[in-house]
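First the structure, which I've put down as structure tokens, then a few questions once you've had a look.
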Amino acid sequence: MATKARGGRLFRNMNAKIAAIPMVLTALVVFVGGTIWTVVYSFTGSKLLPRLKFVGFDQYERLWESSRWLTSIGNIVLYGVFALVFTIAMGFLLAVLMDQKIRFEDTFRTIMLYPFALSFIVTGLVWQWILNPEFGIQGIVRRMGWESFTFDPLYNPDIVMFGLLIAGLWQGTGFVMCLMLAGLRGIDEDIWKAARVDGIPTWKTYLLIVVPMMRPVFITTLVIVASGIIKLYDLVVAQTSGGPGTASQVPAMYVYDYLFTAQNLGQGLAASTMMLLSVLIVLIPWAYLEFGGKKHG
Amino acid sequence: MADVSMAAMSGPRGAKPRKALSGRNIMLYGTLIVVSLYYILPLWVMVMTSLKGMPEVRIGNIFAPPVEITFQPWVKAWSEACTGLNCDGLSRGFWNSVVITVPSVIVSIIIASVNGYALINWRFKGSDIFFTILIFGSFIPYQVMLYPIVILLRELGIYGTLWGLVMVHTIFGMPILTLLFRNYFSSIPEELFKAARVDGAGFWGIYFRIMLPMSLPIFVVAIILQVTGIWNDFLFGVVYTKPELYPMTVQLNNIVNSVQGVKEYNVNMAATLLTGLVPLIVYFASGKLFVRGIAAGAVKG
């Protein structure tokens with residue numbers, strides 16, 4: 001669709017090229033350049049300021065020997081597995097319920113989706129209050145007479161990640177439900193008619209016909225949710241500040257602290273490179289499935 | 001893929017259910033109502049706690065409505081709550097957020113809409129490659145680019161300033177917004193564009209006189225997406241601004257999670273609610289357009 005203009009090749013379509021400068025700069029300088037910069041400097045011994053003094057894999061060795069980093073990784077894996085399974089399972093089940101030609105569908109959707117409009121800071125602070133052992137759920141149950149009732153996830157290092165999970169699910173499942181509902185509505189009405197004619201029960205139709213047909217929706221959702229989980233930061237800062245102790249530390253927090261407060265740049269950059277690596281592990285198979293083989297996805 | 005998000009909004013199809021009180025319906029609506037309670041509960045608790053005095057918070061039940069309604073916590077959260085030595089309340093954070101959000105939304109939308117337009121109607125060699133990089137870039141964790149951007153802003157002399165943060169929001173809003181506009185513009189018939197070309201209109205002429213007037217709905221979607229997204233931002237606010245310019249979310253976190261002093265839970269909840277109010281108003285006022293915005297973010301380009 002290139003326009004026929006006078007002048008040399010470079011000046012053809014000049015206005016469009018000028019207009020695209022911010023995009024080109026963002027793509028090349030920030031996304032590509034910034035990523036390369038981070039990876040390169042993660043191999044240096046930079047402390048307060050970036051210096052090109054290469055130290056090989058020293059930063060990475062130190063990273064994987066740090067107990068705080070190992071805790072962070074353990075936490076994000078635990079949180080990630082549960083968050084992925086629950087958001088997708090709950091999101092799909094809710095979407096199926098919403099797809100039963102119900103009344104007040106808009107009202108239910110509005111209720112389930114409003115947390116998604118709120119920030120993780122607000123989400124974290126509300127749930128910090130609800131899970132407050134003295135005044136929140138635990139306190140209420142105890143005052144009702146069950147004295148030994150214990151439910152204090154935010155103060156118990158063993159289950160603190162589940163306290164975060166309750167808040168994270170509250171914030172995000174509505175969104176996944178909407179994606180799944182869009183997927184369900186995208187399925188041809190004739191499929192349902194055919195299944196009904198063949199006398200296949202509804203649950204079986206969902207499980208054996210609809211779910212496989214919705215594979216692209218599931219994969220897209222999986223990628224979006226997974227890349228969101230790796231970035232998990234604000235929620236933890238607001239709800240637990242990484243505590244009790246270091247029990248709810250996550251990788252993004254480790255990166256932030258080493259880059260901006262501990263003045264150990266090389267270490268922070270090595271940690272962020274590991275985060276990048278984990279995203280690539282999710283992203284590359286997806287890109288391969290989506291765009292590999294066929295020309296245009 | 002735009003039709004999928006449209007389908008999500010077209011509501012239920014087919015005949016209405018026949019029996020109102022069948023076992024199936026009781027199960028169905030029962031489950032939905034229980035689930036809805038889980039979603040409503042935190043908002044309810046926030047509102048109730050923020051309307052109680054501290055004595056009542058200490059003895060009472062967080063789910064119970066206040067015996068005596070007081071707006072004192074709201075007043076205190078807005079104009080007296082302390083962060084460190086500053087005791088001028090959340091109002092400062094609110095105005096900071098306004099000052100940050102308005103130019104960020106405007107600049108990011110202008111740039112992304114022109115991008116989308118250039119990508120659809122004025123494709124040049126390599127334009128699709130840059131777009132692909134942009135989309136893949138949106139999956140890179142922000143943490144990877146935090147420090148390089150600090151250097152970039154410092155070189156430009158805008159690190160710690162409002163315009164530095166505006167630039168960061170423009171950069172990170174670009175992938176999703178460009179995708180949004182590109183998909184929308186591609187649905188505008190090409191004949192219109194060609195006719196305007198024949199009539200001698202140029203790049204900007206077509207943009208302002210044809211594309212812009214025809215795309216107002218998608219601009220509204222983009223505004224909704226950006227206002228809520230930028231208002232809710234925490235990380236960029238912490239990293240790229242100075243304490244005087246901290247957005248509301250950062251100040252809220254500092255107020256509630258400060259270690260000094262007696263915890264005033266009612267003031268904390270009033271402050272939390274105040275911070276959530278802007279995105280909530282946008283959400284409830286925009287209705288299905290919000291759904292459309294987030295669905296657009298989910299479909300592949």
Side-chain angles (χ1 to χ4, degrees), chain A residues 1-2 13 15-17 19-20 22-24 26-27 30-32 34-35 37-38 94 97 100-102 105 108 111-112 114-115 117-119 121-122 125-126 129-130 135-136 140 175 178-179 181-182 185-186 220 224 227 230-231 233-234 237-238 241 252 255 259 272 275-276 279 283 290 297, chain B residues 4-5 7-8 11-12 14 17 28 31-32 35-36 39-40 42 45-46 61-62 111 114-115 118 122-124 127 130 133-134 137 139-149 171 174 202-204 228 232 234-235 249 252-253 256-257 265 269 272 275-276 279-280 283 291 294-295 298 300:
Chain A
M1 216 185 300
N13 208 350
N15 275 321
K17 282 176 185 167
M23 176 180 79
V24 173
T26 300
V30 181
F31 289 170
V32 176
T35 306
W37 190 94
T38 294
L94 288 175
L97 292 181
Q100 302 306 308
K101 302 187 171 94
I102 56 165
E105 185 191 318
F108 282 120
I111 291 171
M112 288 178 202
Y114 88 88
L118 292 172
S119 66
I121 299 293
V122 170
L125 294 177
V126 178
W129 174 230
I130 295 174
F135 304 106
I140 291 168
F175 167 61
C178 276
L179 295 184
L181 190 57
R185 294 272 155 83
T220 311
I224 293 172
S227 67
I230 292 166
K231 286 190 260 192
Y233 175 73
D234 319 15
V237 169
S241 317
V255 172
L259 287 185
S272 59
M275 287 180 72
L276 175 67
V279 170
L283 210 57
E290 286 286 282
Chain B
V4 175
S5 57
L28 183 63
T31 315
L32 281 173
V35 170
S36 299
Y39 284 101
I40 292 177
V45 169
M46 244 193 296
N61 176 330
I62 59 166
I111 290 184
V114 174
N115 270 345
W122 298 82
R123 250 173 261 176
F124 54 88
S127 63
F130 294 122
I133 296 175
L134 210 60
F139 286 101
I140 303 173
Y142 299 142
Q143 282 75 15
V144 174
M145 287 166 289
L146 279 183
Y147 205 85
I149 292 178
I171 287 171
M174 203 184 285
F203 184 85
W204 297 107
T228 50
N232 288 340
F234 175 80
L235 183 63
T249 47
L252 169 73
N253 186 52
V256 177
N257 282 328
Y265 297 108
M269 280 303 110
T272 309
T275 311
L280 277 184
Y283 172 71
V291 182
I294 59 164
K300 58 186 177 169

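Worth saying up front: this structure is predicted, and the values here are computed from it rather than measured. Throughout, protein chains are lettered first and strands after them, A, B, ... in sequence-line order, and every chain is numbered starting at 1.
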- Message: Quick check for you: to the nearest 0.5 Å, what is the distance between I102(A) atom CD1 and L28(B) atom CG?
- Response: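 Answer for the CD1-CG pair, I102(A) versus L28(B), is 6.0 Å.
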
- Note on the structure: Okay, I149(B) and chain A: the region with an atom under 4.5 Å from a heavy atom over there is side chain

- Using non-hydrogen atoms and a 4.5 Å limit, figure out which bit of I62(B) sits close to chain A: side chain, backbone, both or neither. both

- Heavy-atom side-chain contact between F234(B) and S119(A) under 4.5 Å: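 Side-chain contact under 4.5 Å: no.
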
- Looking only at heavy atoms, what is the nearest atom pair of F124(B) and A16(A), with distance?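 Scanning both residues completely, I find the closest heavy atoms to be CE2-O, 4.0 Å.
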
- Hey, what do you get for CD (E105(A)) to CG (L32(B)), rounding to the nearest 0.5 Å? 10.0 Å

- Item | For chain A, the option from N61(B), T275(B), V35(B) that forms the most heavy-atom pairs under 4.5 Å |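 Among the listed options, the one with the most contacts to chain A is N61(B).
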
- Item | Winner by heavy-atom pair count (cut-off under 4.5 Å) against chain B, out of V255(A), I130(A), L259(A), L94(A) |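 That would be I130(A).
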
- Message: Working to the nearest 0.5 angstrom, can you tell me the gap between N232(B) CG and L118(A) CG?
- Response: 7.0 Å

- Are side-chain heavy atoms of L252(B) and V122(A) found at a separation under 4.5 Å? yes

- Message: Is V144(B) in contact with chain A via its backbone, its side chain, both, or neither, using a 4.5 Å heavy-atom distance?
- Response: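 Both backbone and side chain of V144(B) come within 4.5 Å of chain A.
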
- Message: I'd like to check the ring-ring contact (aromatic ring centres under 6.0 Å, His included) partners of Y233(A); sequence neighbours left out, ordered by chain and number.
- Response: Y256(A)

- At their closest point, which heavy atom of P42(B) faces which heavy atom of V126(A), and how far apart are they? CB-CG1, 3.4 Å

- Message: Before we go on, tell me: are the rings of Y39(B) and Y114(A) under 6.0 Å apart, centre to centre?
- Response: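 No, too far apart.
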
- Taking all non-hydrogen atoms of both residues, which atom of P141(B) and which atom of I230(A) are closest, and how far apart?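 Residues P141(B) and I230(A), closest heavy atoms: CG-CG2, 4.5 Å.
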
- Least distance between heavy atoms, G137(B) atom then F31(A) atom: CA-CD1, 3.6 Å

- Query: Taking the side chain as C-beta and beyond, is there a heavy-atom pair between T38(A) and Q143(B) under 4.5 Å?
  - Reply: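 Side-chain contact under 4.5 Å: no.
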
- Message: Looking at every heavy atom in both L125(A) and M269(B), which two are closest together, and how far apart are they?
- Response: O-CE, 3.7 Å

- Query: With sequence neighbours left out, what residues match Y147(B) under ring-ring contact (aromatic ring centres under 6.0 Å, His included)?
  - Reply: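 With sequence neighbours excluded, Y147(B) shows a ring-ring contact (aromatic ring centres under 6.0 Å, His included) to W37(A), given in chain and number order.
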
- Message: Tell me if a side-chain donor or acceptor on N257(B) pairs with a main-chain N or O of A238(A) at a distance below 3.5 Å.
- Response: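 Confirmed, N257(B) side chain pairs with A238(A) backbone.
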
- Query: Looking at I140(A), V32(A), T35(A), which has the largest count of heavy-atom pairs under 4.5 Å with chain B?
  - Reply: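 Most heavy-atom pairs under 4.5 Å with chain B: I140(A).
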
- Item | Interface residue of largest heavy-atom contact number with chain A, from V114(B), N115(B), T31(B), V256(B), under 4.5 Å | N115(B)

- Message: Just verifying a value: how many Å separate K231(A) NZ and F139(B) CZ, rounded to the nearest 0.5 Å?
- Response: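 Going from the NZ atom of K231(A) to the CZ atom of F139(B) covers 8.5 Å.
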
- Once you round to the nearest 0.5 Å, how far does OG of S127(B) lie from CE of M23(A)?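 So the OG of S127(B) and the CE of M23(A) are separated by 6.5 Å.
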
- From CG (L276(A)) to CE (M145(B)), nearest 0.5 Å: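 These two atoms lie 8.5 Å from each other.
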
- Query: So which of T272(B), T249(B), I111(B) has the largest heavy-atom pair count under 4.5 angstrom toward chain A?
  - Reply: T272(B)

- Message: Between W129(A) and V45(B), is there a side-chain heavy-atom distance shorter than 4.5 Å?
- Response: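 In short, these two side chains touch, coming nearer than 4.5 Å.
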
- Taking all atoms of both residues into account, what is the closest heavy-atom pair of A117(A) and Y283(B), and its distance? CB-CB, 3.8 Å

